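Throughout, a chain's letter reflects where its sequence line sits, starting with A, and its residues are numbered from 1. Here the structure is a predicted model, which means the values were calculated and not measured.
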Amino acid sequence: MGSGRRGGAALTAKSLGRVRPRSFYERPVLEVARDLLGAVVVHTVPGDGAVAVRLTEVEAYAGGHDPASHAFRGQTPRNAVMFGPAGHAYVYFTYGMHYCMNLVAGSDGHASAVLLRAGEVVAGVELARERRTGAVDRDLARGPARLTTALGIGREHDGLDVTSARSPLQVRRGSPFDDALVRWGPRVGVSTARDVPWRAWVNGEATVSPYRPHVPKKRRQG
DNA sequence: CGGCTGATTGCCT
DNA sequence: GGCAATCAGCCGA
């Protein structure tokens, strides 16, 4: 372990499809979210290898008018990438230990984005296992923070353009899922717009995250 | 299996 | 100072 390249032979651009162009992201965020199911996120680390994840679960955030969005209270240094052009990665740190990755969608300045919640590792499984020690294969990228860990994504990737064929972080066409397999549900922990289903996942996929609605943490007594 | 909770840092008010 | 777009581990049934 720790020496030599991994995942190179199994990872061909052809099998994963073309890199999605910026125009793919410059659409309403719900359309982008739906079409990201089946798409493949590829992160390559020179000398280490590449890991590719085929998305099975995503969540849409609609920018300044969305109470659950990081953009709701306006632009800050942390969320600045969301207010920029589509097709860039917005990576944030949360719970003092986890990273989550979004893809900026919509028109410039709208600050909408799609959270990548879960997927299946389709290349670089060995490297993903190293990054996710102890996890069974099905759980390697099953959950937003698990997904970034498996891919090796951190704060340094915030703002990266994922539409370039030369980028170490790309999103490729992959193999889209049929509409009949796509399910929509209400988002977690949002009081407004509860009737709008902004979480999309693929029915029957084992890699869809198992987590339930988040309940506010109770303050410790004494 | 489902439910609950501690971990641990940075961001926003 | 409160809490977060989470996760893993522990507990009881």
- Donor-acceptor pair, A/Ser209 side chain versus A/Ala118 backbone, under 3.5 Å? no
- Side chain of A/Phe93: nearest nucleotide among B/dT9, C/dC7, C/dA5? B/dT9
- Query: Between A/Thr76 and B/dC11, is there a side-chain N or O to OP1/OP2 distance below 4.0 Å?
  - Reply: no
- Message: Starting the side chain at C-beta, find the nucleotide from C/dA8, C/dA5, C/dT6 nearest to A/Met82.
- Response: C/dA5
- Plane angle bin for A/Tyr99 and A/Phe93 - parallel if under 30°, tilted between 30 and 60°, otherwise perpendicular: tilted
- Could you tell me the separation between the CD atom of A/Gln75 and the P atom of B/dC12, rounded to a whole number of Å? 11 Å
- Between A/Asp35 and A/Arg20, is the closest basic N to carboxylate O distance under 4.0 Å? no
- Query: How many Å lie between OH on A/Tyr99 and C1' on B/dG10, as a whole number?
  - Reply: 10 Å
- Item | Separation of atom CE in A/Met97 from atom P in C/dA8, rounded to whole Å | 11 Å
- Query: Quick one: on DNA chain B, does A/Thr94 or A/Arg78 contact a more 5' nucleotide (nearest heavy atom)?
  - Reply: A/Thr94
- Return no unless some side-chain N or O of A/Arg132 is found under 4.0 Å from OP1 or OP2 of C/dC7. no
- Message: Output the rounded distance in Å from CG (A/Asn79) to C1' (B/dG10).
- Response: 14 Å
- Message: Rounding to an integer number of Å, can you tell me how far A/Met101 CE sits from C/dT6 C1'?
- Response: 17 Å
- Query: Side-chain donor or acceptor of A/Tyr92 under 3.5 Å from a matching atom on the base of C/dA5?
  - Reply: yes
- Task: Give none if C/dG9 has no partner; otherwise give the nucleotide forming a Watson-Crick or G-U wobble pair with it, both distances under 3.5 Å.
- Result: B/dC4
- A/Asn102 has an atom CG; how far is it from atom P of C/dT6, in whole Å? 11 Å
- Note on the structure: A/Arg155 has its side chain closest, among C/dA5, C/dT6, B/dG10, to B/dG10
- If you check the A/His98 side chain, which of B/dA7, C/dA5, C/dC7 turns out closest? C/dC7
- Whole-Å distance separating the CD atom of A/Glu59 from the C1' atom of C/dA5: 6 Å
- Task: Write down the distance between CG (A/Leu140) and P (C/dT6), rounded to a whole number of angstrom.
- Result: 19 Å
- Query: Taking the six-membered ring of A/Phe24, is NZ or CZ of A/Arg173 closer than 6.0 Å to its centre and within 45° of its axis?
  - Reply: no
- Message: Whether the A/Arg132 and A/Thr149 side chains hold a donor-acceptor pair (N or O, under 3.5 Å, no angle test) is what I'd like checked.
- Response: no
